[in-house]
Every structure is written in C-alpha cells, then in structure tokens.
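Down below is the structure, laid out as structure tokens.
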Amino acid sequence: SFLLLLAIVDDAVGMAIIALFYPDPLLPPAPLWLMSTLAGMAAAMALRSTGTRNYWPYLLCGGIPSWIGLHNAHLHPALALVFIVPFLPHPGHEHKHLFEEDLLDRSTLARFEHEWKLFVDLGLFLFGFANAGVPVSAVGTATGLVFFALLIGKCVGVFTFTLMGKRFGFPLPRGMGKKELFVAGIVAGLGFTVALFVAGEAFTDKELQGAAKMGAMLSFAIAPLAWVVARFIGIEKRR
C-alpha cells in the first residue's frame, strides 16, 4: 500500500513538473485559460453537491473544460482529470486492498476505477511501447545520470522525507521499519512511463534524448538489486 501510494504521488508530481517546467518554447504559457480548468472543477463540485452518482457528467462537464483550459494554456492536457477525479463521490476510507474487489464499495470513484482499469493498462502499455524505442547505441553520459538519479535520488528522498514525516507525527505503516523503508526507496527508483515522458520532453537533441531514455529503461535493473539488498539486510517475506 505504501509503494502504491508513493507511485501515484510520484507520477502526479512528475506530470506536474512536465506541465510547469517543460512547456513548448514556441507556445508560452497562457494562464488566463486556466479559468476554464477552474470552471471544470466548479462543475464537478456542483455535480457532487447535487448527489450525481454517474461518473460521465463529471468527465464531460468537468473533464472537457479542464482539458481545454490546460491545452490552451499550453500546459500538458494529460493532467486534465487530475483536477476532476477528486470530486467523484467516494467513501472516506477503503475497506479492502486496492487489488481486491470490494463489494461494499459501489461509489462513483470505485466504479470509474474498475471500469476503466483495462483501458488505462492498455494505454500505459502502448505509451511505453511507443516511447521506449531507442537504439542500443544510444548510451552516453545522460544514461548514467538518469539511472543513478533514479536509484540514489529516489532512495535518499523517500527514506529521508518519510522519516521526517514520522518525526512530524505520520507513522510508518504497520510492520514497516527502517530496513523495509530503505528497500522501498530502492524499489521507487524503478522509472519507466513518467521517466520516459520527462526524458522526451526535457531533451530536444535526439542523441541526448535517446541516452536519457536508455537510463530510464535500465532502471529495470533496480528490481533484482532491491531483492538482493532485501535478502542481504535480512528482510523476510511475510504472509
């Protein structure tokens, strides 16, 4: 659950970075158009206040103005539903794990999640398939920089800021100590979709772009590394 939440927040921050720091240089930001995104949020809020349970009105009345606003503001429109989904009716707490079918949860958000999961999975697969293709020769300085940024940066960041959060009164999940947190930080370095997305947006030079994407792809090597570290520091598999 900790890793799932971390992945969601990490991807959301990555998308926000793309939208704010990598706009099209030929199309400077036009913040006034964000009023359309605010109008979409207001529409979603109004739908929720009237007790609307079908998610389509939220997507149409809220999502479309949000998409138009971001697109015309020259920010990445892939963020459009980020501003709308929180308004979908949902319970305050989940009763079961995210991977389990919760028959008690018939909320709008739960139905939207389950009914669109297959489309999202296919979309992510096609995104990776279309964006990951780089020649093997595309290895350079950027490859190592991206790889070690994912491995070391994510591990240090997750480990340090989670412990800081603990000091401020946000406890670690049950059964999770510093050793488990350290390994979770290593696992967080696995970067594929958003890392590829950032590499594609950040580098205009094709050679640099290919090298950076290769670094993101090589982050798959972090998976066996995390397993070795977990065994080395004595983390046991728990039922």
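Throughout, numbering of the chain's residues begins at 1 and tracks the sequence.
- Ring geometry for His71 against Trp67 counts as parallel: the plane angle stays under 30°, on a 0 to 90° scale with 60° as the upper cut.
- Gly63 and Ala80 make their closest contact through O-CB, 4.2 Å (heavy atoms, listed as atom of the first residue, atom of the second, distance).
- Counting heavy atoms from C-beta outward, Tyr55 and Glu115 have side chains that approach closer than 4.5 Å.
- Distance check, rounded to the nearest 0.5 Å: CE of Met41 to CD1 of Ile84 gives 6.5 Å.
- Looking only at side-chain heavy atoms (C-beta outward), Val183 and Ile233 come within less than 4.5 Å of each other.
- Hydrophobic clustering (ILVMFWY, side-chain heavy atoms < 4.5 Å, transitive): Val187 and Phe220 are in one cluster.
- The shortest heavy-atom contact between Ala188 and Leu6 is CB-CD2, 3.7 Å.
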Would you sort out whether Leu34 and Leu75 count as a side-chain contact (heavy atoms from CB on, under 4.5 Å), showing the intermediate values?
CA-CA 9 Å; Leu34 293 178; Leu75 301 175; 3.9 Å; yes
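- Applying the salt bridge (Lys or Arg N to Asp or Glu O under 4.0 Å) criterion to Asp205, with sequence neighbours excluded, gives no partner residue.
- Side chains of Arg167 and Leu163 form no contact here, defined as non-hydrogen atoms less than 4.5 Å apart.
- Counting only distance, with no hydrogens or angles, the side chain of His90 and the backbone of Ser107 share no donor-acceptor pair below 3.5 Å.
- Contact between Cys61 and Leu47 at its shortest, heavy atoms only, is CB-CD1, 4.2 Å.
- Leu145 and Val156 are members of different hydrophobic clusters when ILVMFWY side chains are connected at heavy-atom separations under 4.5 Å.
- Distance check: Thr50 OG1 to Met45 CE gives 12.5 Å after rounding to the nearest 0.5 Å.
- Each side-chain hydrogen bond (donor to acceptor under 3.5 Å, both in side chains) pair with one or both residues in residues 139-161, not counting sequence neighbours, appears once here: Asp10-Lys154.
- In this structure, the separation between SG on Cys155 and CG on Leu150 is 12.0 Å, given to the nearest 0.5 Å.
- In this structure, His114 NE2 and Leu109 CG are separated by 9.0 Å, a value rounded to the nearest 0.5 Å.
- Closest approach of Ile186 and Ala226 over heavy atoms only: CG2-CB, 3.9 Å.
- With Gln209 contributing its side chain and Gly200 its backbone, the two residues share a donor-acceptor pair below 3.5 Å.
- Proximity of Leu151 to Leu225: side-chain heavy atoms (C-beta onward) are separated by under 4.5 Å at one or more points.
- No more than 12 heavy atoms of other residues, nucleotides or ligands lie within 6.0 Å of CZ in Phe182, so this atom counts as exposed by the packing criterion.
- Across all non-hydrogen atoms, the minimal contact from Ser36 to Pro65 is OG-O, 2.7 Å.
- Cluster annotation: Val158 is not connected to Trp227 through the hydrophobic network of ILVMFWY side chains, with a link wherever side-chain heavy atoms come within less than 4.5 Å.
- The distance from atom CE of Met176 to atom CG of Leu3, rounded to the nearest 0.5 Å, is 6.5 Å.
- Phe148 and Val228 are not part of a single hydrophobic cluster, where members link through side-chain heavy atoms under 4.5 Å apart.
- Heavy atoms from other residues, nucleotides or ligands lying under 6.0 Å from CG of Leu32 number 12 at most.
- Of all non-hydrogen atoms in Phe147 and Ile222, the two that sit nearest each other are CE1-CG1, 4.1 Å.
- In this structure the side chain of Leu38 never reaches within 4.5 angstrom of the side chain of Phe83, judged on heavy atoms.
- Formation of a donor-acceptor pair under 3.5 Å by the Thr37 side chain with backbone atoms of Ser66 is found in this model.
- Considering only heavy atoms from C-beta on, Tyr58 stays 4.5 Å or farther from Phe112 through its side chain.
- Phe119 is connected to Val85 through a chain of hydrophobic side-chain contacts under 4.5 Å among Ile, Leu, Val, Met, Phe, Trp and Tyr, so both are in one cluster.
- Separating the CG atom in Leu196 from the CE atom in Met214 is a distance of 10.5 Å, to the nearest 0.5 Å.
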